[in-house]
Amino acid sequence: MNAVLSKLDPFITKFGLDNSDQIEILKGPCSKIGVRPAYVVFIFGSVALFSILFGIAARFLSTFISILYPAYRSIQAIESTGESDDKQWLTYWILFSIITLTDATIGFALEFIPFYHILKLALFVALFHPQVKGAEKLYDKFVHPLYLQYHEKIDKGFQKVQERVKQQVNDKFQN
């Protein structure tokens with residue numbers, strides 16, 4: 001079986017999946033069946049991609065993939081001693097939130113775009129892929145300038161809301 005699976009090695013390397021051999025949760029089961037965890041990740045990813053291409057659970061799979069890997073890598077970033085990967089994952093989640101909010105607001109119209117879920121998944125992969133680092137690039141190009149321009153107004157707005165909520169809570173419990 002490994003002779004057949006070893007033909008996947010160039011694709012695993014090309015797609016940057018070699019480090020998936022280090023995923024602890026896969027090491028045990030994969031060693032029992034005698035395959036590299038990277039094969040499991042590649043095969044699962046291929047099945048998921050083809051399912052998305054053919055419209056089988058496209059919304060679920062694209063959402064699942066855009067959350068699962070980044071969540072795992074975010075945990076690794078938290079647990080690591082260095083800060084070199086922190087910006088990548090913080091910027092990813094900021095952009096993920098913006099895209100998800102946009103999708104929740106106008107997603108009904110976006111659903112009519114052919115292969116919408118494939119395009120959305122490709123965007124998320126570009127955002128989280130360690131060689132592309134799209135999240136950092138988009139953050140630096142778009143989000144950061146907007147933050148610098150509006151953060152004082154936003155902070156004042158949050159402060160007003162916080163004061164109003166605090167006052168409402170105090171009024172409620174004093175009566």
Side-chain angles (χ1 to χ4, degrees), residues 1-105 107-108 110-141 143:
M1 178 161 60
N2 272 336
V4 173
L5 291 174
S6 66
K7 294 182 182 190
L8 298 176
D9 288 339
F11 298 106
I12 288 169
T13 300
K14 182 178 181 178
F15 294 118
L17 297 174
D18 285 315
N19 64 350
S20 59
D21 285 328
Q22 303 307 314
I23 300 173
E24 288 297 324
I25 199 166
L26 292 178
K27 284 183 179 179
C30 288
S31 68
K32 287 182 182 177
I33 59 173
V35 297
R36 287 178 60 193
Y39 296 147
V40 173
V41 171
F42 181 81
I43 291 168
F44 173 77
S46 298
V47 169
L49 182 62
F50 285 113
S51 296
I52 292 168
L53 278 170
F54 295 113
I56 304 166
R59 176 186 291 262
F60 169 76
L61 286 170
S62 65
T63 302
F64 182 77
I65 293 167
S66 64
I67 292 174
L68 185 66
Y69 177 77
Y72 178 74
R73 293 302 303 251
S74 296
I75 292 168
Q76 284 184 321
I78 290 168
E79 297 298 325
S80 70
T81 55
E83 296 180 8
S84 62
D85 51 0
D86 292 359
K87 183 177 180 184
Q88 165 64 20
W89 297 111
L90 287 170
T91 55
Y92 174 82
W93 290 113
I94 290 167
L95 290 163
F96 177 87
S97 300
I98 292 168
I99 293 166
T100 301
L101 181 61
T102 303
D103 192 39
T105 306
F108 65 91
L110 298 174
E111 293 280 339
F112 292 106
I113 298 172
F115 304 110
Y116 168 68
H117 292 289
I118 296 168
L119 296 171
K120 186 172 130 183
L121 178 60
L123 171 63
F124 281 124
V125 169
L127 291 176
F128 71 60
H129 197 282
Q131 292 173 341
V132 178
K133 293 192 177 191
E136 287 186 46
K137 292 174 184 172
L138 282 179
Y139 177 85
D140 291 341
K141 181 85 171 158
V143 178

- Can you list every pair that meets salt bridge (Lys or Arg N to Asp or Glu O under 4.0 Å) and has a residue in residues 112-135, with sequence neighbours left out?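 Salt bridge (Lys or Arg N to Asp or Glu O under 4.0 Å) check on residues 112-135 returns Asp103-Lys120.
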- Message: Per the salt bridge (Lys or Arg N to Asp or Glu O under 4.0 Å) rule, what does the pair list look like for residues 86-102, sequence neighbours excluded?
- Response: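 Sorted pair list: Lys87-Asp140.
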So, using side-chain contact (heavy atoms from CB on, under 4.5 Å) as the criterion, who are the partners of [X] when residues are at least two apart?
X: Tyr72; value: Ile23, Gln76
X: Glu111; value: Arg59, Tyr116, His117
X: Leu138; value: Leu95, Leu127, Phe142
X: Ser31; value: none

Sequence neighbours excluded, which residues qualify as side-chain hydrogen bond (donor to acceptor under 3.5 Å, both in side chains) partners of [X]?
X: Asp18; result: Thr13, Arg36
X: Lys137; result: none
X: Ser66; result: none

- Item | Crowding at CD1, Ile25 (>12 non-hydrogen neighbours, <6.0 Å) |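 No, because the 6.0 Å sphere around CD1 of Ile25 holds 12 heavy atoms or fewer from other groups.
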Looking only at heavy atoms, which two atoms of [X] and [Y] are closest? And how far apart?
X: Leu119; Y: Pro114; answer: CD1-O, 4.0 Å
X: Ser80; Y: Asp85; answer: OG-OD1, 3.6 Å
X: Ile12; Y: Tyr39; answer: CD1-CD2, 3.3 Å
X: Gly16; Y: Asn19; answer: O-OD1, 3.4 Å
X: Phe42; Y: Leu8; answer: CE2-CD2, 3.6 Å
X: Ser20; Y: Ala38; answer: OG-CA, 3.3 Å

- Going through the distances and angles, do Leu5 and Ile43 end up as a side chain to side chain contact (heavy atoms under 4.5 Å, CB included)? CA-CA 10 Å; Leu5 291 174; Ile43 291 168; 3.9 Å; yes
- Partners passing ring-ring contact (aromatic ring centres under 6.0 Å, His included) against Phe50 (at least two apart in sequence or in another chain):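 None.
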- Message: Under the rule for ring-ring contact (aromatic ring centres under 6.0 Å, His included), what residues qualify as partners of Tyr69, not counting sequence neighbours?
- Response: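 Checked Tyr69 against ring-ring contact (aromatic ring centres under 6.0 Å, His included); matches are Phe128.
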- Message: Parallel, tilted or perpendicular: which one describes the rings of Phe64 and Phe60, with boundaries at 30° and 60°?
- Response: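 Judged by the thresholds at 30° and 60°, the geometry between Phe64 and Phe60 is parallel.
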- Query: Do the ring planes of Phe124 and Phe96 sit parallel (below 30°), tilted (30 to 60°) or perpendicular (above 60°)?
  - Reply: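 Plane angle between 30° and 60°, so tilted.
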- Can you measure from CZ (Phe115) to CG (Leu121) and round to the nearest 0.5 angstrom?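 CG of Leu121 is found 14.0 Å from CZ of Phe115.
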- Task: Calculate, to the nearest 0.5 Å, the distance between atoms OG1 and CG belonging to Thr105 and Leu110 respectively.
- Result: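 That separation rounds to 10.0 Å.
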- Query: What pairs meet the ring pair (Phe, Tyr, Trp, His ring centres under 6.0 Å) rule with one or both residues in residues 8-32, with sequence neighbours excluded?
  - Reply: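 Checked against ring pair (Phe, Tyr, Trp, His ring centres under 6.0 Å) - neighbours excluded - no pair reaches residues 8-32.
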